[in-house]
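First comes the structure, then the notes that go with it.
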Amino acid sequence: LSFLLRQRWIVVLFTLGIVGAVGYLNTIVAREYTPAEEQGLIFARVVAQEGTGIDRMLESITELEEPVMAMLDEGTVQRLLTRVPAWGQTAPNSGVLFITMSPWEEREKSSAEVANELTRAWAGVPALRAFAFSRSGLSRGGGGQPVQFVSGGPDYSVLADWRDRS
């Protein structure tokens, strides 16, 4: 340590070398470690100008639904769920869309392609910012909540039988 304190130029050169190596590696190493994953689900976040009323927001959301409904008719999309205001919000100037894709066998586009296509189509809707995205399978949301699921069946006795089998 005393040697390095006396020879400060070595420490400076070493630090510059590390910074240069990090910069170089940043250009050649892949940008993400989690691969793109096709979950068949697209989320969309919508925000309007502050002060937008619920009636205007519902009209704007209807405009956003139009390209999704066209995809529903062509079989690319299976289901659409819209919520205004967005969960956790009280002001009516926000919304979310959940778009469930059709199974792979019934469509030709990936979720990422559809999300990009929808974001471009929504860019023309005035007074809104809307963007669609597909989440990675490794994404965490919900504030660290444990995994939850819902079991469905014809009645409670069948559900109880299924539960007791494990």
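Residue numbers count from 1 along this sequence.
In this structure, Gln78 and Pro103 have side chains that are in contact, with non-hydrogen atoms separated by less than 4.5 Å. Contact annotation: the side chain of Glu117 never approaches that of Pro67 to less than 4.5 Å [non-hydrogen atoms, C-beta and beyond]. Val19 is not listed as a side-chain neighbour of Val22, based on a closest heavy-atom distance of 4.5 Å or more.
Taking CD1 of Ile10 as the reference point, atom CG of Leu5 lies at 11.5 Å (rounded to 0.5 Å). In this structure, Thr27 OG1 and Leu25 CG are separated by 7.5 Å, a value rounded to the nearest 0.5 Å. Rounded to the nearest 0.5 Å, atoms CD (Glu65) and OG (Ser60) are 11.0 Å apart. Taking CD of Gln39 as the start and OG of Ser111 as the end, the distance is 8.0 Å to the nearest 0.5 Å.
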Using the side-chain contact (heavy atoms from CB on, under 4.5 Å) rule, take Leu118 and Met71 through it: C-alpha gap first, then chi angles, then the decisive distance, then the call.
CA-CA 10 Å; Leu118 288 173; Met71 292 178 180; 3.9 Å; yes
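Linking Ile, Leu, Val, Met, Phe, Trp and Tyr residues whenever their side-chain heavy atoms come within less than 4.5 Å places Val46 and Val125 in a single cluster. The hydrophobic cluster containing Phe43 does not contain Val114, counting ILVMFWY residues as joined when their side-chain heavy atoms lie under 4.5 angstrom apart, directly or transitively. Cluster membership check: Tyr156 shares its hydrophobic cluster with Trp162, using side-chain heavy-atom separations under 4.5 Å among Ile, Leu, Val, Met, Phe, Trp and Tyr. No continuous path of hydrophobic side-chain contacts links Val96 to Met69 [ILVMFWY only; heavy atoms under 4.5 Å]. Linking Ile, Leu, Val, Met, Phe, Trp and Tyr whenever their side-chain heavy atoms come within less than 4.5 Å leaves Ile18 and Leu13 in two separate clusters.
Neither side chain, Glu106 nor Trp104, offers a donor N or O lying under 3.5 Å from an acceptor on the other.
Residues Ser110 and Met101 share a closest heavy-atom pair of O-CE, 4.3 Å. Closest non-hydrogen pair, Arg45 versus Ala86, comes out as NH1-CB, 3.7 Å. Smallest separation of non-hydrogen atoms from Pro92 and Val84: O-CG1, 4.0 Å. Across Ala130 and Leu64, no two heavy atoms sit closer than the pair CB-CD1, 4.0 Å. Closest non-hydrogen pair, Thr76 versus Glu74, comes out as OG1-OE2, 2.8 Å. The heavy-atom pair separating Ser134 from Ile42 by the smallest distance is OG-CG1, 4.0 Å.
Remark: the backbone N or O of Arg107 is not paired with any side-chain donor or acceptor of Ser102 at under 3.5 angstrom. Counting only distance, with no hydrogens or angles, the side chain of Thr119 and the backbone of Asn116 share no donor-acceptor pair below 3.5 Å. Put simply, the side chain of Asn93 gets close to the backbone of Ala48: a donor and an acceptor are under 3.5 Å apart.
A salt bridge links Arg56 to Glu59: one of the charged nitrogens lies within less than 4.0 Å of a carboxylate oxygen.
When Leu72, Thr100, Leu97 are each tested for a side-chain contact (heavy atoms from CB on, under 4.5 Å) with Leu80, only one passes: Leu97.
Considering only residues two or more places apart in sequence or on other chains, Phe131 meets the ring pair (Phe, Tyr, Trp, His ring centres under 6.0 Å) condition with Phe133.
Counting heavy-atom neighbours within 6.0 Å of Phe14 CZ, excluding the residue itself, gives a total of 12 or less. With a 6.0 Å radius and a threshold of 12 heavy atoms from other residues, nucleotides or ligands, Arg129 has its CZ atom at or below the threshold.
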